[in-house]
Amino acid sequence: MAASNSSKLFRVGRSILGSLSNNALGTSRSSSQFADMDFLSQQTRTFIQMRTNLKVVDNSGAKRVMCIQALKGKKGARLGDVIVASVKEAHVGGKVKKGDVHYAVVVRAAMPRGRCDGSEVKFDDNAVVLINKQGEPIGTRVFGPVPHELRKKKHLKILSLAEQIA
Amino acid sequence: MRLEKCWFCSSTVYPGHGIQFVRNDAKIFRFCRSKCHKNFKMKRNPRKVKWTKAYRRLHGKDMTQDSTFEFERKRNRPERYDRNLTENTLAAIKKIDKVRVDRESRHHAKRMKPKKAQLQREAARELEQSISMVKAPGALQRDPSLTLPIKVKVSKPEKVDNRMEE
């Protein structure tokens, strides 16, 4: 009787100890995980692909837009490329409504783009300007800085509307 | 082609090097290498980071005002190409650099001057205190070259009495 009691207690104690040690291991693992995440918090920015949410920086009426297709580029669109996008959020009474599908040109990308002199440029966010099939912008104003790369891609109208060319 | 200054450490960024970050308010930050870029991402203030030029100028370690700096100011008007002007400019750059380096070394020497006397005093003290660890005290008495010359006041002995006795 005594022996069985002691053995039960022993088993109970062991299980408690086991759970305690498991807890300790769990916490130490998560703390190291946090340390790893701090190290990896330097993000690697990538292409603009399907389902990418982008900001619209003209006065066409749309606010946010989701990329449906990156024309050109297997991995996705970069700074200066044209994409097909669906309007997810729009201003009330703008030229463009929610659910419309439009072409758009990427004017700001967080992913660094190499310039022909060897340096790299990157912006703070991902932004587009809506254009029509011919490449002319739908809106009449463009906000924020735009890159030089648009000149090579022949989006001269956007460059002329821009406040600042980076 | 333009030689820019790194925003963080103020060194020159040559073509083909570095990353340009354009913020949404159209301010451009140029970095010479990823060290500066990563420090910027960590939101460090260059005026508090010891190895940057901003810190050194702020704390008086390097020259702040000098007429040689006037030659390096940013000019936005392009000059018409003139071969003589180009040759003269290239020769002037060399001379101005030499002058600037000379002035900087003089500034450094002036900054370091009071240190020399302090070092001498410290060295004398250390010799006095710790020479016993290197040489035995007996050796010091036998070989007087190891100690610093000590000024001792010697009083003249009286010889008049001895002659009288004889």
Side-chain angles (χ1 to χ4, degrees), chain A residues 35 37-46 48 53-59 63-64 78-80 105-129 141-152 158-166, chain B residues 1-55 72-81 86 89-90 93 97:
Chain A
M37 268 159 64
D38 273 326
F39 176 78
L40 293 170
S41 67
Q42 307 270 12
Q43 288 173 291
T44 39
R45 309 280 192 172
T46 44
I48 292 171
N53 240 321
L54 301 136
K55 199 163 92 166
V56 177
V57 287
D58 57 8
N59 59 352
K63 278 202 279 195
R64 289 215 81 94
R78 296 203 280 182
L79 193 60
V105 63
V106 179
V107 295
R108 290 206 283 273
M111 181 167 129
R113 172 128 192 168
R115 289 227 159 130
C116 49
D117 70 349
S119 61
E120 294 194 326
V121 217
K122 60 181 198 176
F123 290 82
D124 213 356
D125 59 351
N126 300 317
V128 288
V129 164
R141 280 179 71 189
V142 167
F143 304 110
V146 296
H148 276 300
E149 271 78 6
L150 296 178
R151 192 176 293 267
K152 192 157 175 217
I158 300 176
L159 278 177
S160 68
L161 291 171
E163 305 174 332
Q164 184 112 5
I165 305 185
Chain B
M1 183 192 80
R2 215 181 187 144
L3 298 180
E4 309 282 355
K5 293 272 176 199
C6 174
W7 184 84
F8 199 81
C9 64
S10 316
S11 60
T12 41
V13 186
Y14 282 86
H17 288 263
I19 292 188
Q20 241 184 53
F21 171 60
V22 185
R23 211 164 53 180
N24 279 350
D25 61 355
K27 185 160 161 77
I28 303 179
F29 297 90
R30 289 171 218 271
F31 305 106
C32 57
R33 55 202 198 278
S34 65
K35 176 179 180 181
C36 304
H37 187 36
K38 286 184 180 156
N39 271 301
F40 172 77
K41 282 199 266 190
M42 276 197 262
K43 301 195 180 179
R44 288 203 181 148
N45 188 354
R47 284 158 170 260
K48 291 193 171 183
V49 178
K50 296 266 173 79
W51 50 272
T52 56
K53 206 79 172 140
Y55 175 94
E72 277 182 39
R73 263 203 292 184
K74 191 175 184 187
R75 291 165 192 85
N76 282 322
R77 272 158 131 227
E79 298 277 340
R80 186 159 290 198
Y81 177 74
T86 311
T89 312
L90 285 172
I93 288 175
D97 266 352

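Chain A is the first sequence line, chain B the second, and so forth, proteins listed ahead of strands; every chain is numbered from 1. Just so you know, these numbers come straight off a predicted model, no measurement behind them.
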Do the non-hydrogen side-chain atoms of M1(B) and D117(A) ever get within less than 4.5 Å of each other? no
G118(A), G114(A), G144(A): which one forms the most heavy-atom pairs within less than 4.5 Å of chain B? G118(A)
Option in C116(A), P147(A), S119(A) with maximal non-hydrogen atom pairs under 4.5 Å from chain B: S119(A)
Measure the spacing between CZ of R23(B) and CG of D125(A) and express it to the nearest 0.5 Å. 12.5 Å
Could you pull out all donor-acceptor pairs under 3.5 Å where a side-chain atom in residues 30-37 of chain B meets a protein atom, sequence neighbours excluded?
unit_1: H37(B); atom_1: NE2; unit_2: K122(A); atom_2: NZ; d: 3.0

For atom NZ of K38(B), decide whether the heavy atoms of other residues, nucleotides or ligands shown that lie under 6.0 angstrom number more than 12. no
Specify the closest pair of heavy atoms between P145(A) and V22(B), including all atoms of both residues, with the distance to one decimal. CG-CG1, 3.8 Å
